[in-house]
Amino acid sequence: MTRGGHVLLTASLVLFSVAGAAAQAPSYHLAKSVVLGSPERWDYVIYDKTGNRVFVAHGDRVASGAVLGQVEGIPGGTHGTVAVNGKGYTDDGETGQAIVFDLKTFKVTKRIKAQDDADGIAVDPISGHVFVIEGDSKSISVIDPKSDQVIDTIQTGGGLEAAVSGGNGKLYVNGSEKKEMIRIDTASNKVDAHWPIPDCTSPHGLAIDTEAHRLFVSCVNKVMTIVNADNGAVVATVPIGQGTDSAAFDPKRKLAFSSNGADGTISVIREVNPQTFVPAGEIKTQVTGRTMDIDPATGRLFVAAADIDPNAPVPPGKNGRPGRPKPLPGTLKLLMFDPAQ
């Protein structure tokens with residue numbers, strides 16, 4: 001993920017249902033667009049179901065929205081966000097800090113020393129702990145929200161990306177450096193599995209179907225790898241678009257998604273059953289729309305994207321990822337896509 005700050009937005013609720021054969025493409029439409037403006041750096045988009053809000057990592061701040069407010073004073077750039085026990089948690093990647101903020105006033109209340117390249121954040125509902133994923137440091141800082149102190153640091157042995165809780169006392173983390181899925185036992189804060197996913201170059205996005213025990217890993221080599229969350233077996237590999245940085249799963253409609261910034265699309269994958277996964281079309285978004293999340297109750301998809309400068313050269317990519325075009329100043333927005341009713 002890139003270094004960014006955050007914006008938080010309210011989300012309207014729209015219900016829908018998907019019908020038809022497994023290969024039929026679901027229909028989505030752009031329901032709303034909220035202007036976020038400058039700065040031009042952004043990262044994770046996180047939907048908070050407890051407050052019906054969306055956090056967007058946005059330069060040096062977290063913003064909240066329609067727009068509700070901004071969490072400012074994070075000069076090193078913020079990334080992931082979670083809400084726990086009435087408090088928000090984000091990070092400052094360059095200073096290696098976890099940032100605690102008030103969910104009502106959006107004021108920073110505490111800065112907790114973590115490790116360099118603090119990036120993604122996940123909360124485990126079983127232990128109640130917050131896990132800060134430190135990509136380049138190859139570590140995970142474990143924070144107890146009761147004390148807002150780091151109670152453990154987990155060494156993983158390789159560079160990291162996104163993480164997701166299984167709701168079963170396990171945390172799953174993309175091992176981007178070594179093409180692997182890493183499983184953490186949240187009771188002992190120990191790595192209890194390294195599962196290879198060799199056909200997945202630089203795993204980035206990560207989502208889970210907790211009912212079927214399936215992990216959805218979006219890979220920069222234009223595939224989504226579906227992994228058995230119990231034993232690490234690769235169940236399927238399905239093509240997706242270029243420039244993925246996030247994945248999501250709709251538990252009601254059994255659809256997995258990959259947001260693809262280079263293509264300006266969301267790839268849709270249908271879970272026919274826990275062993276069968278098929279491409280189900282694309283949702284047209286906007287070039288640069290690489291990060292996303294979902295409201296699982298309604299199926300609404302949230303994508304952060306900006307207009308691009310047509311006159312600026314696109315820098316070369318690295319580590320298998322395409323170069324990112326230069327965004328036009330002040331054009332960052334949150335796009336909300338609803339499924340057809």
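By convention here, the first residue in the shown sequence is residue 1.
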Report yes or no: does [X] contribute a side-chain atom to a donor-acceptor pair with the main-chain N or O of [Y] at less than 3.5 Å?
X: Ser137; Y: Asp116; value: yes
X: Lys333; Y: Thr331; value: yes
X: Ser38; Y: Gly330; value: yes
X: Asp91; Y: Ile121; value: no
X: Ser141; Y: Ala114; value: no

| said: Against Lys170, only a single residue in Asp192, Thr186, Asp230 fulfils side chain to side chain donor-acceptor pair (under 3.5 Å); can you say which? | reply: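 In the set Asp192, Thr186, Asp230, the residue that makes a side chain to side chain donor-acceptor pair (under 3.5 Å) with Lys170 is Asp192.
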
Heavy-atom pair of closest approach, residues [X] and [Y]:
X: Ala229; Y: Arg214; answer: CB-N, 4.4 Å
X: Val234; Y: Pro196; answer: CG2-O, 4.3 Å
X: Asp48; Y: Ala83; answer: OD2-CB, 3.8 Å
X: Val287; Y: Ala262; answer: CG2-O, 3.9 Å
X: Pro26; Y: Leu255; answer: CG-CD1, 3.8 Å

| field | Matching residue for Thr90 among Val82, Val100, Ile99, Val132 - test: side chain to side chain contact (heavy atoms under 4.5 Å, CB included) | value |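 That would be Ile99; it is the only one of Val82, Val100, Ile99, Val132 passing the side chain to side chain contact (heavy atoms under 4.5 Å, CB included) with Thr90.
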
Is the count of non-hydrogen atoms from other residues, nucleotides or ligands lying under 6.0 Å from [X] atom [atom1] greater than 12?
X: Lys107; atom1: NZ; result: no
X: Lys284; atom1: NZ; result: yes
X: Lys146; atom1: NZ; result: no

Between [X] and [Y]: side-chain donor-acceptor atoms closer than 3.5 Å:
X: Ser258; Y: Ser267; value: no
X: Thr210; Y: Asn168; value: no
X: Asp136; Y: Gln115; value: no
X: Tyr44; Y: Asp293; value: no
X: Ser246; Y: Thr291; value: no
X: Tyr89; Y: Lys87; value: yes

| field | Cluster link Ile197 to Leu206, ILVMFWY, side chain under 4.5 Å | value |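 Same hydrophobic cluster.
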
| said: Could you see if Val54 belongs to whatever hydrophobic cluster contains Met336? Use Ile, Leu, Val, Met, Phe, Trp, Tyr and a side-chain cutoff under 4.5 Å. | reply: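 Hydrophobic grouping puts Val54 with Met336.
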
| task | Report yes if the distance between the aromatic ring centroids of Phe249 and Phe257 is under 6.0 Å, otherwise no. | result |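 No - the distance between ring centres of Phe249 and Phe257 does not fall below the 6.0 Å cut-off.
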
| task | With sequence neighbours left out, write down each residue that passes side chain to side chain donor-acceptor pair (under 3.5 Å) with Ser176, or none if nothing qualifies. | result |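 Side chain to side chain donor-acceptor pair (under 3.5 Å) check on Ser176 returns nothing, list empty.
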
| message | For a side chain to side chain donor-acceptor pair (under 3.5 Å) check, start with the C-alpha distance between His29 and Ser27, then their side-chain angles and the critical distance, and finish with the verdict. | response | CA-CA 7 Å; His29 66 276; Ser27 177; over 6 Å; no

